[in-house]
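Structure first, commentary second.
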Amino acid sequence: MKFYDLITVNSNLTYYYIYNDELKIVRASFSKKIVEGLKREENPHFNEIFKTYFFKRKPLSEIEYILPDTLTDFEKSVLEETKKIKFGKTATYKEIAERIKRPKACRAVGNALGKNPLPVIIPCHRIVSSTGPGGFTGGIWIKKFLLKLES
DNA sequence: GGTCAGATATAGC
DNA sequence: GCTATATCTGACC
C-alpha cells in the first residue's frame, strides 16, 4: 500500500511525495500528477523533515528511500554522486560524468537526472551547466528557487 | 554556431 | 529488432 502527503512551499509551489507502508519514500515531485489516485495520509515524520528544509533552510536529514529497480547502473551511479553534493554546493554535469568514469557522457548524465524520481532528496537542482543554469523538469524556476533557498 | 560524443527511452518502420 | 530522434551537456572545430 502506498500513500502520499504534501508540503506547501509557497502559493505556487507544492512538493508531493509518495511513501510505502515501510515508511520509505518511493517517489517525489513538484507535480500533482504523480499522486493522483493515491490516498493522502499525513505523515508528521516526513513532514517535519521537509519543513525543516524548505522553511528553516537547513540540509535535508537522512531519508530512507527506495530507488526503482528499473534504473540502470549508470543512472544509479549518477544519482548516488548527485546525492553526495553538500547543501549549498553545486556541481556541473561534467563533474558528475567524470566521477562515474564516463567523462564524455555528460549528456547522458543530464538524461539520468531528468528522470530523477526523487527531486530535492537527490539534489538534482545542484547540478548546473557550465554554460548556464542548465535545465529542470517541471520548470527552471523551481531549480532557481531551490538554489536560492540554499544560498 | 554547428557537430559529435555518450547512455537511455521512445517512436516508427 | 534496428534506426531515428530527443534529453537538465560539453568539447572541438
Side-chain angles (χ1 to χ4, degrees), chain A residues 2-20 24-38 43 46-47 49-151:
Chain A
K2 290 176 183 171
F3 309 98
Y4 82 91
D5 198 6
L6 55 83
I7 304 286
T8 300
V9 182
N10 60 34
S11 55
N12 53 20
L13 191 63
T14 305
Y15 184 64
Y16 300 87
Y17 60 88
I18 300 173
Y19 61 94
N20 64 14
K24 293 181 180 177
I25 306 276
V26 296
R27 188 85 167 80
S29 174
F30 288 101
S31 166
K32 172 172 24 175
K33 282 189 292 187
I34 67 159
V35 300
E36 281 177 357
L38 292 175
N43 186 299
F46 290 134
N47 230 288
I49 291 176
F50 289 122
K51 275 183 182 171
T52 300
Y53 174 78
F54 285 119
F55 301 131
K56 295 182 182 174
R57 299 157 63 125
K58 288 185 175 179
L60 207 59
S61 308
E62 279 297 312
I63 285 186
E64 288 202 76
Y65 61 89
I66 298 177
L67 248 32
D69 53 12
T70 52
L71 293 177
T72 62
D73 290 338
F74 174 83
E75 290 167 336
K76 285 178 186 168
S77 301
V78 171
L79 297 177
E80 278 299 309
E81 289 300 330
T82 303
K83 193 170 172 296
K84 289 178 186 170
I85 302 170
K86 294 189 179 67
F87 185 92
K89 296 240 177 188
T90 59
T92 62
Y93 294 93
K94 188 192 170 189
E95 284 177 33
I96 300 297
E98 285 175 345
R99 286 182 202 175
I100 58 177
K101 308 281 194 296
R102 302 278 197 295
K104 283 188 287 191
C106 45
R107 194 172 181 184
V109 170
N111 182 51
L113 289 174
K115 290 187 303 185
N116 177 13
L118 302 168
V120 178
I121 299 171
I122 294 174
C124 52
H125 57 280
R126 291 179 196 145
I127 313 295
V128 296
S129 162
S130 63
T131 57
F136 194 87
T137 304
I140 186 64
W141 64 276
I142 296 178
K143 186 172 187 172
K144 288 180 181 171
F145 173 82
L146 291 171
L147 289 173
K148 189 178 177 186
L149 178 83
E150 297 184 3
S151 64

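The sequence lines fix the lettering, A, B, ..., with proteins before strands; numbering per chain opens at 1.
In summary, A:Glu81 and A:Lys84 engage in a salt bridge, as defined by a charged side-chain N under 4.0 Å from a carboxylate O. Taking the charged nitrogens against the carboxylate oxygens, A:Glu80 and A:Lys76 have no contact shorter than 4.0 Å, which rules out a salt bridge.
Side-chain nitrogen and oxygen atoms of A:Ser129 include at least one within less than 4.0 Å of the OP1 or OP2 phosphate oxygen of C:dG10. The side chain of A:Ser130 places an N or O atom within less than 4.0 Å of a non-bridging phosphate oxygen (OP1 or OP2) of C:dG10. Residue A:Lys104 places none of its side-chain N or O atoms closer than 4.0 Å to OP1 or OP2 of C:dA11.
Rounded to whole angstrom, the span from the CD1 atom of A:Ile96 across to the P atom of C:dG10 amounts to 11 Å. A straight line from CD of A:Glu98 to C1' of C:dT9 spans 13 Å, rounded to a whole angstrom. The separation between A:Glu81 atom CD and C:dT9 atom P is 19 Å, rounded to whole Å. Atom pair A:Arg102:CZ and B:dT8:C1' shows a separation of 13 Å (rounding to whole Å applied). What separates CG of A:Asn111 from C1' of B:dT10 is a distance of 11 Å, to the nearest Å. Rounded to an integer number of Å, the gap from CZ of A:Phe74 to P of B:dA5 is 17 Å. Straight-line distance from the NZ atom of A:Lys144 to the C1' atom of C:dC8: 13 Å, rounded to whole Å. The interatomic distance linking A:Phe145 (CZ) with C:dC8 (P) rounds to 22 Å, in whole Å.
Residue contacts shown for A:Tyr93 include a base, since a base heavy atom lies under 4.0 Å away.
For A:Cys106, the listed nucleotide lying nearest its side chain is C:dT9; candidates were C:dT9, C:dC8, B:dA7. The listed nucleotides are C:dC8, B:dT8, C:dG10; the one nearest the side chain of A:Lys115 is B:dT8. When distances run from any side-chain atom of A:Cys124 to the nucleotides C:dC8, B:dA7, C:dG10, the shortest one goes to C:dC8. Of the candidate nucleotides C:dC8, B:dT8, C:dG10, C:dC8 has the atom nearest to the side chain of A:Leu113.
Pairing for C:dC8 is absent, judged as Watson-Crick or G-U wobble with the two contacts each under 3.5 Å.
Annotation: of the two residues near DNA chain C, A:Phe136 and A:Lys94, the 5′-most nearest-nucleotide partner is A:Phe136.
The aromatic rings of A:Phe30 and A:Phe54 stand perpendicular to each other, their planes meeting at an angle above 60°, with 30° marking the opposite boundary.
Counting non-hydrogen atoms of neighbouring residues, nucleotides and ligands closer than 6.0 angstrom, the CG atom of A:Asn10 exceeds 12 such neighbours.
Remark: of the listed residues A:Arg126, A:Lys58, A:Lys86, A:Arg126 is the sole one forming a side chain to side chain donor-acceptor pair (under 3.5 Å) with A:Glu150.
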